[in-house]
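First comes the structure, then the notes that go with it.
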Amino acid sequence: LCEHPSLSRYHAILQYSNGEIDSSKYPEGFYIYDLNSTHGTFLNKTRIKPNEYVRVNLDNMFKLGMSTRLFILHGPKPKN
């Protein structure tokens, strides 16, 4: 839950794909999906297109709307 006037009630989705469904299009990893929000979702300071899954790599940052809060995806480095 994020409280900021520029954020929609349902703004974006951060989703993990295990690569089992259509692994050529969505390999294992995290994806962000903007739910057609008014003020957008930004990945590494670039606004992403609404209604499309965009890959989020480790140490990428994303921002929702006009909020100044930045989120950074951290985790263990992949083995390969």
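Along the sequence shown, residues carry numbers from 1. All values below come from the heavy atoms of this structure, side chains included, with hydrogens, waters and symmetry mates left out.
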same_hphob_cluster(I48, L64) at 4.5 Å side-chain heavy-atom cutoff: yes
L58 with L14, same ILVMFWY side-chain cluster at under 4.5 Å: yes
Taking all atoms of both residues into account, what is the closest heavy-atom pair of [X] and [Y], and its distance?
{"X": "D34", "Y": "P50", "result": "OD2-CB, 3.5 Å"}
{"X": "Y53", "Y": "Q15", "result": "OH-OE1, 3.2 Å"}
{"X": "A12", "Y": "L35", "result": "N-CD1, 4.0 Å"}
{"X": "R47", "Y": "T38", "result": "NH2-O, 3.3 Å"}

Heavy-atom donor-acceptor pair, H4 side chain to T68 backbone, under 3.5 Å: no
Atom pair CG (N51) and CG (N36), whose distance is rounded to the nearest 0.5 Å: 5.0 Å
Spacing of I32 atom CD1 and N60 atom CG [to the nearest 0.5 Å]: 10.0 Å
Of all residues at least two apart in sequence or in a different chain, which pass the ring pair (Phe, Tyr, Trp, His ring centres under 6.0 Å) check with [X]?
{"X": "Y16", "result": "F30"}
{"X": "F62", "result": "F71"}
{"X": "Y31", "result": "Y26"}

Pairing residues for S67 by the side-chain hydrogen bond (donor to acceptor under 3.5 Å, both in side chains) criterion, not counting sequence neighbours: none
Listed partners of S24 passing side-chain hydrogen bond (donor to acceptor under 3.5 Å, both in side chains), at least two apart: D22
Close side-chain approach of N57 and L73, heavy atoms under 4.5 Å: no
Set of residues satisfying side chain to side chain contact (heavy atoms under 4.5 Å, CB included) with respect to M61, sequence neighbours excluded: N44, K45, L70, I72
Contacts of type side chain to side chain contact (heavy atoms under 4.5 Å, CB included), residue H39, not counting sequence neighbours: S6, M66
Other cluster members, I21 - Ile/Leu/Val/Met/Phe/Trp/Tyr, side-chain contacts below 4.5 Å: none
Worked check of side chain to side chain contact (heavy atoms under 4.5 Å, CB included) between Y33 and V54: CA-CA 6 Å; Y33 185 91; V54 178; over 6 Å; no
Salt bridge (Lys or Arg N to Asp or Glu O under 4.0 Å) partners of residues 49-64, not counting sequence neighbours, each pair once: D59-K77
